[in-house]
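Here's the structure we're looking at; comments come further down.
Numbering of ligands and ligand atoms starts at 1, following listing order.
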Amino acid sequence: MKMEHFLKNTKAEESHGCIIAQETTIMVVAHNLGFPRIGANRELKKAQESFWAGTISEAELIEVGRELRAKHWALQKNAGIAFAPVGDFAFYDHVLNVTALVGAVPPRHANASGSTADLKTYFSMARGDAGVPAQDMTKWFDTNYHYIVPEFADTTKFAIADESLFAQVSEALAAGLRPKPVLVGPFTYLYLGKEKSAGFARLSLLPALLEVYAAILDRLTLLGVEWVQLDEPALALDLTADKLELFASAYARLAKHGPKKLLATYFGDVSDHAALLKSLPVDGIHIDVVRAPAQLDSFLVDLPSTKVLSVGVVDGRNIWRNDIRASVALLQKASSSLGERLWVAPSCSLLHTPVDLANETKLDAEFRSWLAFSTQKLAEVSAIATALTSGEAAVASQLAESDAAVASRKSSVRVNNPEVRARIAQLPANSDARQSPYPVRAKAQAARLQLPRFPTTTIGSFPQTAEIRKARADFKKGTIPEALYVEKMKAEISLVVERQEAYGIDVFVHGEAERNDMVEYFGEQLAGFAFTENGWVQSYGSRCVKPPVIFGDVSRPKPMTVDWTTYAQSLTKKPMKGMLTGPVTVLQWSFVRVDIPRSETCLQLAVALRDEVADLEKAGIAVIQIDEPAIREGLPLRRKDYDAYLEWATRCFRVNASPVRDDTQIHTHMCYSEFNDILPAIAAMDADVITIETSRSDMELLTGFGTFAYPNDIGPGVYDIHSPRLPNLAEMLQLLEKAVAVIPAERLWVNPDCGLKTRKWPETENALTTMVAAARELRVKYPAA
Ligand code: GLN
Ligand code: ZN
């Protein structure tokens, strides 16, 4: 499709002496913000890992990248997408691509030539290199994608240092496509970075960075690029007026450079900035109306007649089929007022959805009809644009399919479970509270459990050996009978119990050998969940995840962990912890239905897991841990929305945890993030004990717990399970002394940072023996009164 065809069949007719346009067919543009780079069969992952392992050459890796781009561009073109996005491809991460492009390579990674960011430098920044630590990685907004955090210092200099973007533009042009380069915008790029020198603000680098962006844009013009997309998702965050001013100044600076600019916002409502965005010297604005449907109107009013409005109406963050009729209706007004200046798109880059539903061979027809992966989403975008251009009749079959899917989902008995709804509606008011406050419970638990001071425990998983993984895989494939599988798991449990006995641990775990993944394990046993074969999305680098799909009302057909836990308990006199994944974490790491609020699905999960807690207690289990490592990840992007989220998230946890007696001890576990800013919410969860990851931050995290005066028991991690390095006794004692300084000794536990499944047995043995020795020293130094 050529640009000049957007406006076609314009017949002019003479009337009263002036020319009037008549019967104008105006074409609404279908375009895409970015396509997943991993490949339908995770070709990129395989190539990256082979390259890192030295089994393929750099040239071979580069060739895999070229093939993937060519394939994805062709696929987009065939779907009726107007441009070929370029720059969405990355050998690790698209933010790191910008770091290479603008030459913001930290000195420790700089290569011999100094001026170019070659692939070796690139991977050194991403993954570290002999003795050179990698750059940090953190979550891309509220997605499960992680980007490499750019590092800035007062010495940072920018210059074009990588030619890949330009080469890929040429590649697309050579293939006869219309490339639309996609770049993280200068403001978001700096904003998401971190400062490596003191007394310096990274945004002060903006003028220097803009010089390079201007040069990049000029080069794109020279290559013949018509449009460039600059992604500024930072606009969906809380920004102070001075930041917004800087943001605006950036686009003023770039005004005279480059091709037409589409400024893309996503992940949230930017209507507060509508006036500003409309006034910027850019040629188009993209808004996300999946996350923030109400903002459409703010952009329709007074949109300058020279600007395009790109409306993200197909969900780029989820796997549900679009309701095409509803999307067309939503855009009708925009279409009649904007005509060809209306572009239709996914809400954000499709990076966050799996590649192609065609790769799913095992889904039943009904469930499958409810889904759309990236490839299908492009067809949806295209169908919506066509319907707006030529009327609904032009997409009659797509509309019929979409209507049928909407109707079948609405009425399906697999989605709607009246019993679950009734139970939620009738949940007693006190179901989110324990019987007594913590101090009363603590006494009852002390009497029942008889634990020493500084009790030692672990977080749940023990090393997952090749044999365990094989047994699970064989059982799943059906190549070993259930009885043999159970026998193998029980053997593992008894080994784990024996070893904890030998190390001298106080509160045991069964080791989680039966679990492949802490969310999948529960999802597979709960109603309302489905699993895909190939629904992979990139988490970071070569790591991909395959999130479960929560499509319907959630319920628990039968107990999920009770047999394993009671078997483990039967082998020891020490308390055995029941081990569950909490409702918020299950929600956070799944693709969640959008026909009811997330909070409601979370509550359904909480109620299902609540029954498991009750059953564990009934079976004699005295300590139950409910992991919520993802609770902080669920935080909304804007502060004003924090409270509402934390309110329902913590309530769901309490609903999960509260059916038990006072003398049953509830633990929770958190890791992966800073918790200091949500401490009141963590306290509101009212777990008897919280274990947290702290050893890497040198107990920094704990200072917050001290200052806030966290009221219940705490187990700060003393062993960084992410590192093969083993801490010695002195180091552990030093960490614990820091903890004793802020947490009363009688409320302190001793444990690793997280589960041990990625470690090997010899390290585990060493670390846990040292950990028990540390606890014993503390007991001598700080005896109970
Ligand atoms: N119980 C889990 C384990 O030990 C916790 C994992 C996590 O926090 N991510 O593996
Ligand atoms: Zn953890």
Side-chain angles (χ1 to χ4, degrees), residues 139 144 146 456-465 468-469 472 489 492-493 496-497 499-500 505 507-523 539-540 543 545 547-548 560-561 564-565 568 576-590 609 612-613 616 621 623-634 653 656-657 665-675 682 685 687 689-697 701-702 714-723 749-761 763-764 767-768 771:
K139 278 170 151 284
N144 274 329
H146 301 71
T456 53
T457 191
T458 64
I459 307 304
S461 55
F462 265 91
Q464 292 228 338
T465 57
I468 300 176
R469 291 177 200 278
R472 266 199 328 258
M489 291 299 119
E492 186 64 25
I493 290 173
V496 165
V497 169
R499 293 196 176 167
Q500 292 173 94
I505 302 279
V507 175
F508 283 20
V509 297
H510 78 287
E512 302 180 24
E514 77 287 7
R515 301 183 193 177
N516 173 44
D517 173 275
M518 64 188 289
V519 169
E520 190 180 83
Y521 180 76
F522 292 95
S539 172
Y540 60 87
R543 176 156 169 83
V545 294
M560 304 180 283
T561 63
W564 301 124
T565 316
M576 178 63 59
K577 272 197 273 192
M579 191 61 60
L580 307 175
T581 304
V584 185
T585 297
V586 174
L587 187 82
Q588 206 51 39
W589 292 348
S590 301
L609 289 158
E612 189 73 13
V613 168
L616 283 166
I621 300 302
V623 184
I624 300 165
Q625 177 174 315
I626 304 166
D627 292 326
E628 284 289 22
I631 201 153
R632 196 186 182 291
E633 301 179 13
F653 180 87
N656 184 161
Q665 188 171 65
I666 299 288
H667 289 217
T668 189
H669 166 72
M670 288 179 200
C671 52
Y672 305 131
S673 43
E674 285 287 332
F675 296 103
I682 293 176
M685 291 164 72
V689 183
I690 179 171
T691 56
I692 48 168
E693 173 184 334
T694 40
S695 72
R696 266 200 298 187
S697 73
L701 242 182
L702 211 58
I714 308 186
V718 293
Y719 167 39
D720 175 6
I721 58 90
H722 297 289
S723 164
W749 287 63
V750 178
N751 47 263
D753 267 351
C754 192
L756 299 159
K757 71 172 172 196
T758 57
R759 305 270 45 105
K760 300 263 180 302
W761 271 110
E763 317 164 60
T764 299
L768 295 186
M771 191 183 89

Open item on the list: Just to be sure I understand the cut-off, which residues have at least one non-hydrogen atom under 4.0 angstrom from an atom of ligand 1?
Closed with: Ile459, Gly460, Ser461, Glu512, Met518, Met579, Asp627, Pro629, His669, Cys671, Tyr672, Cys754, Gly755
Open item on the list: Ring of Trp761, cation from Arg499 - is the NZ or CZ under 6.0 Å from the centre and inside 45° of the axis?
Closed with: yes
Task: Minimum heavy-atom distance between Ile621 and Gly578, given as atom pair plus value - done: CG2-N, 3.7 Å
- [ ] Tell me how many protein N, O or S atoms are closer than 2.8 Å to the Zn ion (ligand 2).
- [x] 3
Task: Any residue meeting ring-ring contact (aromatic ring centres under 6.0 Å, His included) with His667, in chain and number order, not counting sequence neighbours - done: Trp749
Open item on the list: Given 3.5 Å as the limit, does a donor-acceptor pair link the side chain of Ser461 with the main chain of Glu512, or not?
Closed with: no
Open item on the list: Just to verify, what does Glu633 make a salt bridge (Lys or Arg N to Asp or Glu O under 4.0 Å) with, not counting sequence neighbours?
Closed with: Lys139
- [ ] Drop me the distance from Leu580's CG to Glu628's CD, to the nearest 0.5 angstrom.
- [x] 10.5 Å
- [ ] Describe, in one word, how the ring planes of His146 and Tyr540 are oriented to each other, choosing from parallel (under 30°), tilted (30 to 60°) and perpendicular (over 60°).
- [x] perpendicular
Open item on the list: Tell me if a side-chain donor or acceptor on Ser590 pairs with a main-chain N or O of Pro547 at a distance below 3.5 Å.
Closed with: no
- [ ] Report yes or no: does Asp753 contribute a side-chain atom to a donor-acceptor pair with the main-chain N or O of Thr694 at less than 3.5 Å?
- [x] yes
